[in-house]
Colleague: 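The structure's right below; bear with me while I get my questions together.
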2 protein chains.
Amino acid sequence: MKYSHKLSDAVHILTFVEICKDGDPSSNTIASSVESNPSLVRRLMSLLVKANLLTSQPGKVATKLARPAETITLLDVYQAIEDNQQLLHVDEKTNPRCIVGGNIQDTLNVVYDHVQQAAENSMNQVTLQAIIDDILVRNASK
Amino acid sequence: MKYSHKLSDAVHILTFVEICKDGDPSSNTIASSVESNPSLVRRLMSLLVKANLLTSQPGKVATKLARPAETITLLDVYQAIEDNQQLLHVDEKTNPRCIVGGNIQDTLNVVYDHVQQAAENSMNQVTLQAIIDDILVRNASK
DNA sequence: TTAACTTGTTATTAACATAGTAACAGTAAA
DNA sequence: TTTACTGTTACTATGTTAATAACAAGTTAA
């Protein structure tokens, strides 16, 4: 798919768990909010648990944030979800016998790393709490 | 593809045209440096011409940069090549009747715009000339 | 003019990542 | 025991990109 929603859906899950913490944070309920299916949600939740952003108990509907929403950033979620964390990718198959083909990979890797750093810095400045607050404000002003 | 090489290949083309400007900038020659095929290269070149980064003449091997490499940035190439210019994408199919699903799209769009801006600022600071210089330095130190 | 080459474009196929779905073992609780 | 949930795996469907082929139109040289 051109438009990967994994990050957005993962943020959605975390947000839902916190905002509806007195409700029913089952994968079925969350899936109906994401308008996806429970299995997909569970797969993402599994990654979030492994990254220590969520806690859960097998067989029980007991999902909670593993730590306060103020301490979770968008970057945390990004790194938990995206197995390939690079936004830009070099072409790894260029002709090594050409001046350009033989060096451009290293050159672009450095450049792309800077772009990545800039994007990640931006992601690191957004907390889950800020996202939650914004959602609540938007909801209140409807 | 998970790893799109379009941007890298486009930079490769521009770099090749400039570095090998006294040589043969035909799509065949460039394709052998990119280790891709001439048709793919021509398609990318077509986009670069439309974006006023390259000039060419039908039927003639006469491809050149449309303007000095100092005035072309990675962002220019990115915007010329990537039809969808967003690096991150919101899930546009969330449940509007849920507090979270009904507001998270707007919330994330703002957040993602900031990330995009940070990435594009970084891309805008890299000129094609800087990339060319780096390639030449790397090549000289081999 | 012809022949060989190029660009620019379109169409088709192949490769592959992601979304969606189904299934099932294991756990918890009534 | 029955029900419901989690966590995981496998499979299918969908959609994007890479790769390839083909061809009209322009250029150059013989």
Side-chain angles (χ1 to χ4, degrees), chain A residues 1-10 12-13 16-17 23-32 34-51 53-64 66 80-94, chain B residues 1-10 12-13 16-17 23-32 34-51 53-64 66 80-94:
Chain A
M1 301 291 164
K2 189 170 189 179
Y3 311 108
S4 174
H5 304 144
K6 286 195 293 184
L7 178 60
S8 296
D9 289 349
H12 192 138
I13 290 169
F16 188 95
V17 166
D24 165 32
S26 71
S27 60
N28 272 293
T29 306
I30 297 176
S32 79
V34 180
E35 284 200 351
S36 180
N37 63 78
S39 190
L40 195 64
V41 170
R42 288 201 293 275
R43 239 185 336 221
L44 288 173
M45 288 174 78
S46 173
L47 292 172
L48 295 172
V49 168
K50 280 169 186 153
L53 303 179
L54 272 185
T55 58
S56 65
Q57 294 176 44
K60 282 177 72 174
V61 178
T63 302
K64 280 187 288 196
I81 295 298
E82 304 287 342
D83 45 316
N84 170 15
Q85 299 183 2
Q86 291 296 117
L87 293 168
L88 300 174
H89 307 280
V90 302
D91 186 344
E92 294 176 353
K93 201 194 69 176
T94 57
Chain B
M1 299 285 166
K2 189 171 188 178
Y3 311 107
S4 174
H5 303 145
K6 286 196 292 184
L7 177 60
S8 295
D9 290 349
H12 192 138
I13 290 169
F16 188 96
V17 166
D24 167 32
S26 71
S27 60
N28 272 293
T29 306
I30 297 175
S32 80
V34 180
E35 284 200 351
S36 179
N37 62 78
S39 189
L40 196 63
V41 170
R42 288 200 293 275
R43 234 182 344 216
L44 288 174
M45 289 173 78
S46 173
L47 292 172
L48 295 172
V49 169
K50 281 169 186 154
L53 302 180
L54 272 184
T55 58
S56 66
Q57 294 175 45
K60 281 179 73 173
V61 179
T63 303
K64 281 187 287 198
I81 295 298
E82 303 287 342
D83 46 316
N84 171 15
Q85 299 183 3
Q86 290 296 118
L87 293 167
L88 300 174
H89 307 281
V90 301
D91 186 345
E92 295 176 352
K93 202 194 69 176
T94 57

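None of these values were measured; they are calculated from a predicted model. Convention: sequence-line order gives letters A, B, ...; per-chain numbering from 1.
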Colleague: Do any N or O atoms from the side chain of Ser8(B) and from the backbone of His89(A) form a donor-acceptor pair under 3.5 angstrom?
Modeller: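 Here the side-chain-to-backbone pair exists.
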
Colleague: Would one find a side-chain N or O of Ser36(B) under 4.0 angstrom from OP1 or OP2 of dA19(D)?
Modeller: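 Yes, because at least one side-chain N or O of Ser36(B) sits under 4.0 Å from OP1 or OP2 of dA19(D).
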
Colleague: Could you state the atom-to-atom distance from CD1 of Ile13(B) to P of dA18(D) in whole Å?
Modeller: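 These atoms are roughly 12 Å apart.
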
Colleague: For every nucleotide of nucleotides 21-30 of chain D, 5' to 3': is a protein heavy atom under 4.0 Å from its base (B), only from its sugar-phosphate (S), or from neither (-)?
Modeller: BB---BSS--

Colleague: Atom CD of residue position Gln86(B) - does it have more than 12 heavy atoms of other residues, nucleotides or ligands inside 6.0 Å?
Modeller: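 Yes - once you tally the heavy atoms of other residues, nucleotides and ligands closer than 6.0 Å, there are more than 12.
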
Colleague: Just how far, in rounded Å, is C1' of dC16(C) from NE2 of His89(A)?
Modeller: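 Roughly 14 Å, once rounded to whole Å.
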
Colleague: So with a 6.0 Å cut-off around CD of Gln85(B), is the heavy-atom count from everything else above 12?
Modeller: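 Counting other residues, nucleotides and ligands, CD of Gln85(B) exceeds 12 neighbours.
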
Colleague: Atom CG of Leu40(B) and atom C1' of dA11(C): how far apart are they, to the nearest Å?
Modeller: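 The answer, rounded to whole Å, is 15 Å.
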
Colleague: Could you check how far NZ of Lys6(A) sits from P of dA19(C), rounded to whole Å?
Modeller: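 Spelled out: NZ on Lys6(A) to P on dA19(C) is 6 Å.
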
Colleague: Taking only side-chain N and O atoms of Ser46(A), does any of them lie within less than 4.0 angstrom of OP1 or OP2 on dT6(D)?
Modeller: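 Ser46(A) to dT6(D) OP1/OP2: no side-chain N or O under 4.0 Å.
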
Colleague: Nearest nucleotide by nearest heavy atom, which residue falls closer to the 5' end of DNA chain C, Lys50(B) or Asp24(B)?
Modeller: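 Result of the comparison: Asp24(B).
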
Colleague: Could you give the CD1-to-P distance, from Ile81(B) to dA18(D), as a whole number of Å?
Modeller: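 It works out to 10 Å between those atoms.
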
Colleague: Could you check how far CD of Glu92(B) sits from C1' of dG15(D), rounded to whole Å?
Modeller: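 Going from CD in Glu92(B) over to C1' in dG15(D) covers 15 Å.
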
Colleague: Tell me every residue that passes side chain to side chain donor-acceptor pair (under 3.5 Å) with Lys64(B), counting only those two or more places apart in sequence or in another chain.
Modeller: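 Counting only residues at least two positions away or on another chain, Lys64(B) forms no side chain to side chain donor-acceptor pair (under 3.5 Å).
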
Colleague: Rounded to the Å, how far apart are Asp83(B) CG and dG15(D) P?
Modeller: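 Whole-Å distance recorded here is 16 Å.
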
Colleague: Round to a whole Å and report the spacing from CG of Asn28(B) to P of dT7(C).
Modeller: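 From Asn28(B) CG to dT7(C) P: 7 Å.
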
Colleague: Pick base, sugar-phosphate or nothing for Ser27(A), based on heavy-atom distances below 4.0 Å to the nucleic acid.
Modeller: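 Result for Ser27(A) = sugar-phosphate.
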
